[in-house]
Peer 1: 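Shown below is the structure under consideration.
Chain identifiers are assigned alphabetically (A, B, ...) following the order of the sequence lines, protein sequences preceding nucleic acid strands; residue numbering begins at 1 within each chain.
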There are 2 protein chains.
Amino acid sequence: MASKKISMAVIKRLPRYHRYLNYLLELGIKRVSSKELSTRMGITASQIRQDLNCFGGFGQQGYGYNVESLYTEIGNILGINKTFNCIIVGAGNMGQALANYGNFEKRGFKIIGVFDVSPDIIGRKIKDLEVRSLNEIDDFVVLNKVDIAMLCVPYRETAALADRIAKLGVRGLWNFSPMDLKIPYDVIVENVHLSDSLMVLGYKLNDRFPRE
Amino acid sequence: MASKKISMAVIKRLPRYHRYLNYLLELGIKRVSSKELSTRMGITASQIRQDLNCFGGFGQQGYGYNVESLYTEIGNILGINKTFNCIIVGAGNMGQALANYGNFEKRGFKIIGVFDVSPDIIGRKIKDLEVRSLNEIDDFVVLNKVDIAMLCVPYRETAALADRIAKLGVRGLWNFSPMDLKIPYDVIVENVHLSDSLMVLGYKLNDRFPRE
DNA sequence: TAGATTGTTAATCGATTAACAATC
DNA sequence: TAGATTGTTAATCGATTAACAATC
């Protein structure tokens, strides 16, 4: 599962394939051709075959793909069989939403700690985790080999906190602040820029349904 | 602001430009060249000029771009001077997070209603909005000319609700469920697939820091 | 004016699609 | 075997980058 040079365009489609295959699996469908998947997903069959072949020949001529094994394969490529230790930094609504969202755990993202600064929140339980003081974060990260920090703190605090956490050896940051983090450590940052997404929606709406 | 055929690649970069320009503005910087912006953003100067020229010549040879006016122009392109009436459907943690997040309002996305099914939540106040029963949603949407519905309901309920809401004339859906909505109405759907994003982070981590 | 930097065209690069031989 | 469908190569399309004349 090491690095060749798969393009990001391909990688970003993998979770979507994974979702669709999971859905087919739930429907009890055993095999699927690139053509059928193409119709369902609105992607060309060519692209599907091209994408899958980046990782190996999962299909069989004349038959198509076995849904279950393809699902498993893509899961493996995405590494959902491996576990990541995750912490949530900032237990506001967003942090709580993430903590309560069970789907991450299923995919190998285990939330082992939640941190906040507010005395009102510290000590409260979210699911089975007690919210800890941010003061404890440094020791916690080192002691528990935290892989990923999910940053749900206010804008102003994000940059400094990201830096502090990265310095401790966390390798991935999942950033919910509307800023692009620049960090002088070897860290992978994945952004969830909600307002960017909403603004794109706004643009499309104005474009499709012009006003005035 | 009607449709030519600007590529999505360009549109998706606009919010980012907007953010950076806002930042420069806050720093009190008056002018910026594509070269300088390039260094700051990690995008080639060529691309910046190419992108901006999709919408018109905002710059001036020998000078560069006026930060404030470029910021305004991009804001206009994104339509943040126009208002969208938005509702939040599902007042769980995610819905509450969105309701409490002030940044959307600033960009023209006005949240005018929050809906839920749970009797525990209906009637509670989030900011200045009382959570309404989902039963009222149909009348509310029509009466208040709702433009955008932000869908934060559980997976199982999303598809049916999206359909119901789209039928009422809502034009944009901001979907937080891990599924691709297929809706037989003229509606624009923008997805925030959090688990997809997290899985991509996972992939990058396994790729950059292989284990076992 | 000379220097800087845009707007824009042309060249390159990468990603998507088409086509088809291989093969189950 | 005949039909179906993959894996893969080649063709096309689109997006990014380079180059430079126009011009402030």
Peer 1: Send over the distance from B:Lys5 NZ to D:dA15 P, rounded to a whole Å.
Peer 2: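 The answer, rounded to whole Å, is 11 Å.
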Peer 1: Would you say A:Arg13 places a side-chain N or O within less than 4.0 Å of OP1 or OP2 belonging to C:dA15?
Peer 2: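 Result: no.
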Peer 1: Rounded to the Å, how far apart are A:Asp51 CG and C:dT16 C1'?
Peer 2: 10 Å
Peer 1: Could you work out, with side-chain hydrogen bond (donor to acceptor under 3.5 Å, both in side chains) as the rule, every residue matching B:Arg49, not counting sequence neighbours?
Peer 2: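 Only B:Ser34 meet the side-chain hydrogen bond (donor to acceptor under 3.5 Å, both in side chains) criterion with B:Arg49.
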Peer 1: Does B:Tyr65 put a side-chain nitrogen or oxygen below 4.0 Å from OP1 or OP2 of C:dA4?
Peer 2: no
Peer 1: Which nucleotides of nucleotides 17-24 of chain C have their base under 4.0 Å from a protein heavy atom (B), which only their sugar-phosphate (S), and which neither (-), written as one string 5' to 3'?
Peer 2: BBBB-BBB
Peer 1: Rounded to the Å, how far apart are B:Met8 CE and D:dT16 P?
Peer 2: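 Computing the B:Met8:CE to D:dT16:P distance gives 13 Å.
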Peer 1: Separation of B:Asn53 atom CG from C:dT6 atom P, in whole Å?
Peer 2: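 These atoms are roughly 10 Å apart.
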Peer 1: If only side-chain N and O atoms of A:Ser34 are considered, is one of them under 4.0 Å from the OP1 or OP2 phosphate oxygen of D:dT6?
Peer 2: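 The answer is yes; a side-chain N or O of A:Ser34 sits under 4.0 Å from OP1 or OP2.
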Peer 1: Could you pull out all residues at least two apart from A:Ser38 that satisfy side-chain hydrogen bond (donor to acceptor under 3.5 Å, both in side chains)?
Peer 2: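 With sequence neighbours excluded, A:Ser38 shows a side-chain hydrogen bond (donor to acceptor under 3.5 Å, both in side chains) to no residue whatsoever.
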Peer 1: Please determine if A:Arg19 and B:Asp196 form a salt bridge, counting it only when a charged side-chain N lies under 4.0 Å from a carboxylate O.
Peer 2: yes
Peer 1: Could you tell me whether B:Asp186 and A:Arg208 make a salt bridge, using a distance below 4.0 angstrom between a side-chain N and a carboxylate O?
Peer 2: yes
Peer 1: Measure the distance from CG on A:Leu52 to P on C:dT16 and round it to the nearest whole Å.
Peer 2: 13 Å
Peer 1: In terms of side-chain geometry, is the basic nitrogen of B:Asp180 or A:Arg16 positioned less than 4.0 Å from the acidic oxygen of its partner?
Peer 2: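 Judged by the 4.0 Å cut-off on N to carboxylate O distance, B:Asp180 and A:Arg16 do form a salt bridge.
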Peer 1: Tell me the side chain to side chain donor-acceptor pair (under 3.5 Å) pairs involving residues 144-157 of chain A, sequence neighbours left out?
Peer 2: none
Peer 1: Among residues at least two apart in sequence or on other chains, which ones pass side-chain hydrogen bond (donor to acceptor under 3.5 Å, both in side chains) with A:Ser197?
Peer 2: B:Trp174
Peer 1: For A:Ile48 and C:dA15, what is the distance between atoms CD1 and C1' respectively, to the nearest whole Å?
Peer 2: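 So the CD1-C1' distance, A:Ile48 to C:dA15, works out to 16 Å.
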Peer 1: Charged N to carboxylate O below 4.0 Å: is that the case for B:Lys204 and A:Glu190?
Peer 2: yes
Peer 1: Does the ring of A:Tyr63 carry A:Arg31 above it, NZ/CZ under 6.0 angstrom from centre and within 45° of its axis?
Peer 2: yes
Peer 1: Whenever both distances are under 3.5 Å in a Watson-Crick or G-U wobble pair, mark it; put DNA chain D into dot-bracket that way, with [ ] for crossing pairs and | when the partner is on another strand.
Peer 2: ..||||||||||||||||||||||
